[in-house]
There are 2 protein chains.
Amino acid sequence: MGNDFYNILKTLKLKATPKRIAIMEILADEPTYLSPDEIRSRLKGRFKNIGLPTVYRNLEELADSGIIIKIIHPDRKLYYFYCHNREHHHHFVCVQCRKVEDINFCGMEEIKNEVEKNLKAHMVSHMLQVYGFCKDCLKKQTISL
Amino acid sequence: MGNDFYNILKTLKLKATPKRIAIMEILADEPTYLSPDEIRSRLKGRFKNIGLPTVYRNLEELADSGIIIKIIHPDRKLYYFYCHNREHHHHFVCVQCRKVEDINFCGMEEIKNEVEKNLKAHMVSHMLQVYGFCKDCLKKQTISL
DNA sequence: TATCTAAATAGAAATGTTTTTTATTTAAAA
DNA sequence: TTTTAAATAAAAAACATTTCTATTTAGATA
């Protein structure tokens, strides 16, 4: 299918270093979100030397340029996820298996309207995240809801 | 008006210690969200000895019991806010002065519906936060939007 | 009011994630 | 091939948050 990470990086005006490409490959292959340290562990299979600051820096740059996204987890640690959906949308996150699924509904127009009309404020950004148990985790075991 | 924190704490089955009451008073008087360390600084004016773990523990307990709320800031640090509105709602946060205002619209019914019908998942919780510049900060200065 | 006990506390130390620093290496443009 | 700005490794630092332990205290009970 050609995830042409080399050219994506060129478009973003980032050097196409082997490690940067590897980080994108690892995330794109993963249906769940990963922590920086987990990403580093996987990189260790491919590179014998890999520093944690390099992982953090690359993830930050890639997230800033929008090609990957940050997941805000209730534990307040950083997680990253490669999302193939380029439209504006939000995520359902399974707190058990970490699967990420898209939510298409976004009531942001109404919220933006309320913020600007009622509060007379200017909305810069918003964050919506939904936590729960996904279909598969519900099936696999008894979860006391 | 009588913010009867003593009785609120009794209802929550928490000991009404002077420090716990002071934490609630500080937050209730504050229109912005505060960090644990900022709260400790203010407590130092009232108590000569006050440990940071005490502040963290109390904030955690009070947030768990729902009398104060955690604010998720983009910097991923913890902040707390005393919200007088007991209904389910969300917040607009001014990223400049940290003022917190209520947003009454919440599209959660639609989202819950989508999660449960389309994804066949179970929604446990959700987080919505809107960031921007409040009315006053917009007035006070030129912000490049 | 005095006694008692579980809860709360201070203070020090530990934890663990994320960032900074600096010297070295590398991608890719010229 | 040369050049140079960007990227890197490694060590160290920064910093928020938590754990630990001995001590104190709120408030129930006698």
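Throughout, a chain's letter reflects where its sequence line sits, starting with A, and its residues are numbered from 1. Heavy atoms only: backbone and side chains are in, while hydrogens, waters and symmetry mates are out.
Counting only heavy atoms from C-beta on, A:Thr17 has its side chain closest to C:dA27 among C:dA6, D:dT17, C:dA27. If you check D:dA10, D:dT8, D:dA28 against the side chain of A:Asn58, the one that comes closest is D:dT8. Counting only heavy atoms from C-beta on, B:Tyr56 has its side chain closest to D:dT17 among D:dT17, C:dT9, D:dT8. Closest approach to the B:Leu78 side chain among C:dA27, C:dT20, D:dT17 is made by D:dT17 (side chain taken as heavy atoms from C-beta onward). For B:Pro18, the listed nucleotide lying nearest its side chain is D:dA26; candidates were D:dA26, C:dT18, D:dT17. Side chain of B:Lys77, nearest nucleotide from D:dT8, C:dA7, D:dA16: D:dA16. Comparing C:dT19, C:dG11, D:dG27 against the side chain of B:Tyr6 picks out D:dG27 as the nearest.
Distance A:Asp37 CG to C:dT15 C1': 14 Å, rounded to the nearest Å. In this entry the distance linking CG of B:Leu9 with P of D:dT25 reads 18 Å, nearest Å. Per the geometry, NZ belonging to A:Lys15 stands 10 Å off P belonging to D:dA5, to the nearest Å. Straight-line distance from the CD atom of A:Glu61 to the P atom of D:dA5: 18 Å, rounded to whole Å. Between the P atom of C:dT26 and the CZ atom of A:Arg20 lies a distance of 15 Å, rounded to the nearest Å. Put simply, CG on A:Leu43 is 16 Å from P on D:dA7, counting in whole angstrom units. The distance from atom CG of B:Asp64 to atom P of C:dA8 is 13 Å, rounded to the nearest whole Å. Rounded to whole Å, atom P of C:dT19 lies 10 Å from atom CG of A:Leu52.
For B:His91 and B:Tyr33, the gap between ring centers reaches or exceeds 6.0 Å.
Judged purely by atom type and a 3.5 angstrom limit, B:Asn113 has no side-chain atom pairing as donor or acceptor with the backbone of B:Glu109.
Contact between the side-chain N/O atoms of A:Asn49 and the OP1/OP2 oxygens of D:dA10 is found at a separation under 4.0 Å. Distances shown here put every side-chain N or O of B:Arg57 at or beyond 4.0 Å from the OP1 or OP2 atom of C:dA8.
Remark on DNA chain D: of its neighbouring residues B:Ala16 and A:Pro53, the 5'-side contact belongs to A:Pro53, judged by nearest-heavy-atom nucleotide. Mapping B:Leu14 and B:Arg76 onto DNA chain D by nearest heavy atom places B:Arg76 at the nucleotide closer to the 5' end.
In the hydrophobic clustering of this structure, A:Leu14 groups with A:Ile68; members are Ile, Leu, Val, Met, Phe, Trp, Tyr whose side-chain heavy atoms approach within less than 4.5 Å, directly or through other members. Under the 4.5 Å side-chain heavy-atom criterion for Ile, Leu, Val, Met, Phe, Trp and Tyr, A:Val55 and A:Met24 are members of the same hydrophobic cluster. Cluster membership for B:Ile67 and B:Phe5, using ILVMFWY side-chain heavy atoms within less than 4.5 angstrom, is shared.
Residue contacts shown for A:Lys10 are limited to sugar-phosphate atoms, with no base heavy atom under 4.0 Å away.
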